[in-house]
Amino acid sequence: QVDFVESGGGLVQPGGSLTLSCAASGRIFDIRAMGWYRQAPGKTRELVASITTDDSTNYADSVMGRFTISRDAAKNTVYLQMNSLTPEDTAIYFCNADARSGGYYYTIGWGRGIQVTVSS
């Protein structure tokens with residue numbers, strides 16, 4: 001299993017910025033991708049952004065151009081820089097790690113979640 005320490009959430013005004021951090025431990029050498037998901041009240045969990053160990057990235061359409069995901073392999077840490085935040089970004093954000101077997105990714109860990117609230 002992979003364990004996580006998530007930090008960086010909080011309350012921010014619309015148009016503001018936050019940076020989330022997620023430090024992984026445990027089965028870190030099995031990790032082939034890390035990312036951030038989010039779940040708003042009454043909504044299903046959705047992928048926000050992910051990054052592979054080959055540094056390929058993908059983003060939800062709703063955050064593309066505003067959010068940037070990056071990683072520090074030496075620190076086993078992934079970051080999500082969130083700019084131009086809107087109330088629609090309000091959610092609990094969960095860090096995630098995937099391993100890979102064959103052509104498939106599979107989840108090997110979830111963070112406990114960190115609250116991001118965008119409100120004036």
Side-chain angles (χ1 to χ4, degrees):
Q1 297 294 105
V2 177
D3 298 316
F4 304 95
V5 177
E6 300 162 311
S7 62
L11 175 65
V12 65
Q13 293 184 338
S17 298
L18 287 173
T19 299
L20 304 182
S21 299
C22 176
S25 62
R27 279 179 59 191
I28 57 174
F29 293 106
D30 290 332
I31 295 173
R32 295 293 176 267
M34 292 184 68
W36 290 93
Y37 288 70
R38 68 185 180 188
Q39 187 166 19
K43 302 289 187 178
T44 58
R45 187 177 298 184
E46 64 173 351
L47 175 68
V48 179
S50 65
I51 184 167
T52 71
T53 52
D54 296 323
D55 291 320
S56 296
T57 60
N58 66 84
Y59 297 89
D61 288 344
S62 60
V63 308
M64 193 172 298
R66 299 188 297 121
F67 291 10
T68 302
I69 191 167
S70 61
R71 59 189 288 268
D72 185 334
K75 296 181 179 179
N76 303 310
T77 299
V78 65
Y79 306 93
L80 185 67
Q81 182 179 347
M82 304 184 292
N83 298 325
S84 301
L85 286 161
T86 75
E88 288 70 38
D89 297 313
T90 296
I92 300 174
Y93 285 68
F94 299 89
C95 188
N96 163 267
D98 285 354
R100 189 169 185 172
S101 179
Y104 298 95
Y105 289 97
Y106 61 96
T107 297
I108 56 174
W110 285 99
R112 298 184 69 179
I114 186 165
Q115 180 70 47
V116 171
T117 302
V118 185
S119 176
S120 60

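Just so it is clear, the structure is predicted and the values come from calculations on it, not from any experiment.
When the side-chain hydrogen bond (donor to acceptor under 3.5 Å, both in side chains) test is applied to S17, the partners found at least two apart in sequence or on another chain are N83. In this structure, the side chain to side chain contact (heavy atoms under 4.5 Å, CB included) partners of T52, at least two apart in sequence or on a different chain, are A33, D54, S56, Y105. A search for salt bridge (charged side-chain N to carboxylate O under 4.0 Å, His left out) contacts involving R27 returns D30, not counting sequence neighbours. Contacts of S84 classified as side chain to side chain contact (heavy atoms under 4.5 Å, CB included), with partners at least two apart in sequence or in another chain: R66. Scanning for side-chain hydrogen bond (donor to acceptor under 3.5 Å, both in side chains) contacts around N58 gives S50, with sequence neighbours left out. Remark: E46 engages R38 in a salt bridge (charged side-chain N to carboxylate O under 4.0 Å, His left out) (not counting sequence neighbours). Residues that satisfy the salt bridge (charged side-chain N to carboxylate O under 4.0 Å, His left out) test with R45, not counting sequence neighbours, are absent from this structure. With sequence neighbours excluded, no residue forms a salt bridge (charged side-chain N to carboxylate O under 4.0 Å, His left out) with D98. With sequence neighbours left out, T57 forms a side chain to side chain contact (heavy atoms under 4.5 Å, CB included) with I51, Y59, I69.
When side chains are defined from C-beta on, F4 counts as touching M34, because their heavy atoms get closer than 4.5 Å.
A distance of 10.5 Å separates CD1 in I92 from CD in E6, rounded to the nearest 0.5 Å. Within the model, atoms CD1 of I31 and OG1 of T53 stand 9.5 Å from one another, a figure rounded to the nearest 0.5 Å.
Within the structure, ring-ring contact (aromatic ring centres under 6.0 Å, His included) contacts touching residues 62-88 (residues at least two apart or in different chains) do not occur. The disulfide bond (SG atoms under 2.5 Å apart) pairs that include a residue from residues 83-120 are C22-C95, where partners are two or more places apart or lie in different chains.
When all heavy atoms of S70 and V78 are compared, the closest pair comes out as O-CG2, 3.1 Å.
Residues Y93 and L47 fall into different hydrophobic clusters, defined by Ile, Leu, Val, Met, Phe, Trp and Tyr side chains chained together at heavy-atom separations under 4.5 Å. Placement of L85 and M64 within a single hydrophobic cluster is found when ILVMFWY residues are connected by side-chain heavy-atom separations under 4.5 Å, directly or transitively. In the hydrophobic cluster analysis, where Ile, Leu, Val, Met, Phe, Trp and Tyr join through side-chain heavy atoms closer than 4.5 angstrom, Y37 is grouped apart from M82.
Atom OH of Y106 sits in a crowded spot, with more than 12 heavy atoms from other residues, nucleotides or ligands closer than 6.0 Å.
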Just list the side-chain donor-acceptor pairs under 3.5 Å for residues 109-120, sequence neighbours left out, or say none.
residue, atom, partner, partner atom, Å
Q115, NE2, A91, O, 3.4
Q115, NE2, T117, OG1, 3.3

Quiz item: Yes or no on side-chain contact (heavy atoms from CB on, under 4.5 Å) for R71 and D55, after CA distance, side-chain angles and deciding distance?
Solution: CA-CA 8 Å; R71 59 189 288 268; D55 291 320; 3.4 Å; yes
